[in-house]
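Everything quoted here is computed from the prediction, not taken from an experiment. Below, all heavy atoms of this structure are taken into account, side chains as well, without hydrogens, waters or symmetry copies.
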Amino acid sequence: MYATTAILISRIVIYVSIYMTTEERAKFWQAVETGDNPLLSAMSSLVERWGLPAIIMALGDISVVLSEDAIDASNLTANQRGLIMNACAQVSNLSDLMHAEMEFIEANK
């Protein structure tokens with residue numbers, strides 16, 4: 001049995017199937033709580049403290065600077081540069097959507 005959630009972004013509804021089993025969920029929380037995956041633990045703490053929308057918007061700001069730096073970086077291959085630029089574009093796009101949604105919520109209180 002798989003759960004399905006609907007996420008409303010602007011006026012677009014995206015359906016996300018959640019395939020995490022009980023065992024996978026337990027492994028995830030074990031990695032977070034024990035620090036086996038330090039980045040996952042740190043991100044979990046940040047999301048818990050600031051909320052996912054704030055993290056996404058902050059990553060959007062970082063992605064703008066990182067993408068500008070990637071253009072001029074001499075130590076990157078073309079593939080590495082392309083990967084960084086694409087990741088930054090995706091994060092920036094998600095951040096823009098989050099900003100628009102937050103502005104819409106604020107305007108329609």
Side-chain angles (χ1 to χ4, degrees):
M1 175 79 49
Y2 299 115
T4 302
T5 58
I7 301 169
L8 180 62
I9 299 176
S10 190
R11 294 183 194 152
I12 302 169
V13 177
I14 301 171
Y15 290 95
V16 179
S17 296
I18 301 172
Y19 297 105
M20 187 177 267
T21 65
T22 304
E23 294 81 22
E24 290 169 333
R25 182 175 288 282
K27 286 180 185 177
F28 169 84
W29 285 113
Q30 182 180 6
V32 168
E33 292 168 1
T34 62
D36 288 344
N37 185 332
L39 180 58
L40 184 61
S41 295
M43 290 301 297
S44 179
S45 296
L46 289 171
V47 169
E48 202 172 290
R49 180 174 180 181
W50 296 99
L52 190 56
I55 299 300
I56 290 170
M57 290 185 287
L59 286 172
D61 294 340
I62 292 168
S63 71
V64 172
V65 174
L66 183 58
S67 64
E68 290 173 358
D69 289 347
I71 292 170
D72 299 326
S74 60
N75 61 338
L76 296 176
T77 66
N79 287 340
Q80 290 171 328
R81 184 174 287 105
L83 180 64
I84 292 169
M85 297 296 293
N86 186 39
C88 288
Q90 295 298 321
V91 170
S92 184
N93 184 45
L94 186 56
S95 176
D96 290 347
L97 289 171
M98 192 62 59
H99 278 285
E101 187 67 24
M102 298 297 277
E103 290 169 8
F104 177 80
I105 290 170
E106 185 66 30
N108 293 293
K109 278 188 173 181

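Without hydrogens or angle criteria, Q80 side chain to T77 main chain gives a donor-acceptor distance under 3.5 Å. Of the possible polar contacts, one joining the N108 side chain to the F104 backbone as a donor-acceptor pair under 3.5 Å is found. In terms of modelled atom types and a separation under 3.5 Å, the side chain of R81 and the main chain of S74 share no donor-acceptor contact. Without hydrogens or angle criteria, E33 side chain to Q30 main chain gives no donor-acceptor distance under 3.5 Å.
Looking at every heavy atom in both residues, V32 comes nearest to S41 through O-OG, 2.7 Å. The two residues M85 and S67 have their closest heavy-atom pair at SD-O, 3.3 Å.
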What's the verdict on side chain to side chain contact (heavy atoms under 4.5 Å, CB included) for Q90 and L94, showing C-alpha distance, side-chain angles and the deciding distance? CA-CA 6 Å; Q90 295 298 321; L94 186 56; over 6 Å; no

Assess whether side chain to side chain contact (heavy atoms under 4.5 Å, CB included) is satisfied between I55 and M43, documenting all intermediate values. CA-CA 9 Å; I55 299 300; M43 290 301 297; 3.8 Å; yes

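L39 and L66 fall into different hydrophobic clusters, where Ile, Leu, Val, Met, Phe, Trp and Tyr are joined by side-chain heavy atoms under 4.5 Å apart, directly or via other members. Note on M57 and L52: same hydrophobic cluster, where clusters join Ile, Leu, Val, Met, Phe, Trp and Tyr whose side-chain heavy atoms are under 4.5 Å apart, directly or indirectly. Linking Ile, Leu, Val, Met, Phe, Trp and Tyr whenever their side-chain heavy atoms come within less than 4.5 Å leaves L83 and I71 in two separate clusters. A continuous path of hydrophobic side-chain contacts links M98 to V47 [ILVMFWY only; heavy atoms under 4.5 Å]. Residue M102 is grouped with residue V91 when hydrophobic side chains (ILVMFWY) are merged at heavy-atom distances under 4.5 angstrom, including chains of intermediate members.
We find the OG-CG distance between S63 and D96 to be 8.5 Å, quoted to the nearest 0.5 Å. Taking CG of L40 as the reference point, atom OG of S45 lies at 9.5 Å (rounded to 0.5 Å).
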